[in-house]
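Below: the structure, in structure tokens.
So you know, we letter chains A, B, ... as the sequences are listed, proteins then strands, and number each from 1. Quick caveat, the model's predicted, so the values are computed rather than measured.
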There are 2 protein chains.
Amino acid sequence: MARAGLTAERLTRAGAELADEEGFAQVTVSALARRFDVKVASLYSHVRNSQDLRTRIALLALEEMADRGSAALEGRAGKDALAALADVYRDYAREHPGRYAAAQLRLDPETAAASAGVRHARMTRAVLRGYDLTEPDQTHAVRLLGSVFHGYIGLELGGGFDHSAPDTQETWSRVVDALDALLRNWPAAQGD
Amino acid sequence: MARAGLTAERLTRAGAELADEEGFAQVTVSALARRFDVKVASLYSHVRNSQDLRTRIALLALEEMADRGSAALEGRAGKDALAALADVYRDYAREHPGRYAAAQLRLDPETAAASAGVRHARMTRAVLRGYDLTEPDQTHAVRLLGSVFHGYIGLELGGGFDHSAPDTQETWSRVVDALDALLRNWPAAQGD
DNA sequence: TTGATTTTCCTAAAGCCTTTAGGTTACGGT
DNA sequence: ACCGTAACCTAAAGGCTTTAGGAAAATCAA
């Protein structure tokens, strides 16, 4: 019988689609085998195990987001850049909730260091170059931006904002405005 | 042979401990049965199913956090209240990572409405009373605070800050300072 | 073209988790 | 003491993961 043409890449891609359609938690070796109409054991020639599969999807998502981020940041600076990067993350999460969830997976240090995660860190710092922050404050700001993006998207995707009134798009712009105002006027360290 | 004295409550509590020790994902009906030295099927008299067990743990965590929050907010206002509430969440997450993870579980609307989640929303609004925000802005601010708390704690717990320099405690205070400054000086809606 | 080699995919099987059905047995109340 | 109601158990089916080892397609050489 003809072969299915399995490949780590094709499996990863199909896994990402599965994640977006059914949720990242539903990405299993078995489900993927069903998609390719192939026996489960066959996948193990291409992917080490279930964890490996999920990690590959995470890396794919990080890469895709980083690509979008780079493109969005080209030729932008200041608030423009901030808003662009923020939208990249939010839009990606809305278009690809499963992939976005995958990207939150905790990677072991070496994998993380070799991943597109470092590009993300660089991009955030690039945005912050548009503001006047001293070095230690820049790190605090990187963490704050990461927290807001990750936190907001997580809550919005999880339906945490479903039962309150103003629509989430409005809040999102106001949050970006607020971050811009904050970075433009970053408070000095408080005396104790 | 003597009975184990199972109860939905005891199972929930033990499940919460299991979550803190091994991670929320490792909370399974089987693991819990092993803890009580009881056959798996026995748990199904007290808990509807695996999902039900996890939901109960989530509700417990929400309740515990709300209790801490109420206590922390008593007699505080303004930045003091903001910092206190922020610390409640962060400290709880650090002490009880599994429970905290459980609290992120997406609940169906009725369950959520009957949960301590509403107390959390009330507490955040109470903190915001210490700042001068119009009604729609207050909602935006509620969402921003939720995002920052949830986002920061998620990243810190996930080890997202492990590989950068300043310690996370320092960043946390600066983030709270920043939020206070921001709320004190909330930017008006931007013209387009 | 054909034979050897490699790679792909399969069968088989063990282990763990979930969930349901139906049977015992311990305990509390009368 | 006895009786009914939990509480707990045995049994079994179904799903996912992972490994071991076999069969067949594709590749490449002579």
Side-chain angles (χ1 to χ4, degrees), chain A residues 1-60 98-99 101-102 104-108 111, chain B residues 1-60 98-99 101-102 104-108 111:
Chain A
M1 52 195 76
R3 295 192 177 171
L6 302 184
T7 278
E9 271 64 39
R10 287 193 63 196
L11 288 176
T12 304
R13 224 156 270 288
E17 284 164 27
L18 182 59
D20 287 336
E21 292 164 20
E22 318 262 335
F24 186 54
Q26 320 309 316
V27 174
T28 103
V29 180
S30 295
L32 213 47
R34 275 193 292 277
R35 283 224 160 185
F36 282 95
D37 200 33
V38 138
K39 297 298 172 182
V40 187
S42 306
L43 301 209
Y44 282 81
S45 310
H46 305 277
V47 146
R48 207 188 315 286
N49 53 36
S50 187
Q51 177 58 31
D52 179 37
L53 171 64
R54 279 189 273 264
T55 299
R56 284 169 188 270
I57 296 173
L59 294 176
L60 171 66
R99 282 158 150 99
Q104 313 306 316
L105 205 162
R106 182 137 168 54
L107 304 174
D108 56 288
T111 309
Chain B
M1 51 195 76
R3 295 194 178 172
L6 301 185
T7 279
E9 272 63 39
R10 287 192 64 197
L11 288 176
T12 303
R13 224 156 269 288
E17 283 165 27
L18 182 59
D20 287 336
E21 292 164 21
E22 318 261 333
F24 187 54
Q26 321 309 316
V27 173
T28 103
V29 180
S30 295
L32 214 46
R34 275 192 293 276
R35 283 223 161 185
F36 282 95
D37 201 32
V38 138
K39 296 298 172 184
V40 187
S42 307
L43 301 208
Y44 283 81
S45 311
H46 305 276
V47 145
R48 205 188 316 284
N49 54 33
S50 189
Q51 178 59 32
D52 178 38
L53 170 63
R54 279 188 273 264
T55 299
R56 284 169 188 270
I57 296 172
L59 294 176
L60 170 66
R99 283 159 150 98
Q104 312 307 314
L105 205 162
R106 198 190 185 342
L107 304 173
D108 57 289
T111 310

Heavy-atom contacts, protein to nucleotides 17-23 of chain D, under 4.0 Å, summarised as B (base), S (sugar-phosphate only) or - (none) per nt, yield BBB----
Of the listed nucleotides (dT8(C), dC9(D), dC10(C)), which one gets closest to any side-chain atom of V38(B)?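 So the nucleotide nearest the side chain must be dC9(D).
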For [X] versus [Y], what's the shortest heavy-atom pair and its separation?
X	Y	answer
I57(B)	A102(B)	CG2-CB, 3.7 Å
V38(B)	A4(B)	CG2-CB, 3.7 Å
V27(B)	L18(B)	CA-CD2, 4.1 Å

Integer-rounded Å distance: [N] [atom2] and [X] [atom1]:
X	N	atom1	atom2	result
L43(B)	dC17(C)	CG	C1'	12 Å
E22(A)	dG15(D)	CD	C1'	16 Å
R10(A)	dC9(C)	CZ	P	9 Å
D37(B)	dA7(D)	CG	P	18 Å
L32(B)	dC8(D)	CG	C1'	15 Å
K39(A)	dT11(C)	NZ	C1'	9 Å
Q26(A)	dG15(D)	CD	P	15 Å

query = Taking the side chain as C-beta and beyond, is there a heavy-atom pair between L32(A) and V29(A) under 4.5 Å?
reply =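 Of all side-chain heavy-atom pairs linking V29(A) with L32(A), none is under 4.5 Å.
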At less than 4.0 Å, is any side-chain N or O atom of [X] found next to OP1 or OP2 of [N]? Yes or no.
X	N	value
R34(B)	dC16(C)	no
S42(B)	dC9(D)	yes
H46(A)	dT7(C)	no

One should read off an interatomic distance between L59(B) CG and T111(B) OG1, to the nearest 0.5 angstrom, of 7.0 Å
Exercise for the section: Output every pair passing side-chain hydrogen bond (donor to acceptor under 3.5 Å, both in side chains) with a member in residues 24-46 of chain B, not counting sequence neighbours, ordered by first then second residue. Expected result: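 side-chain hydrogen bond (donor to acceptor under 3.5 Å, both in side chains) check on residues 24-46 of chain B returns E21(B)-R35(B).
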Judged by atom type as modelled, is there a donor-acceptor pair below 3.5 Å linking the side chain of R10(A) to the main-chain atoms of G5(A)?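 Checked: pair present.
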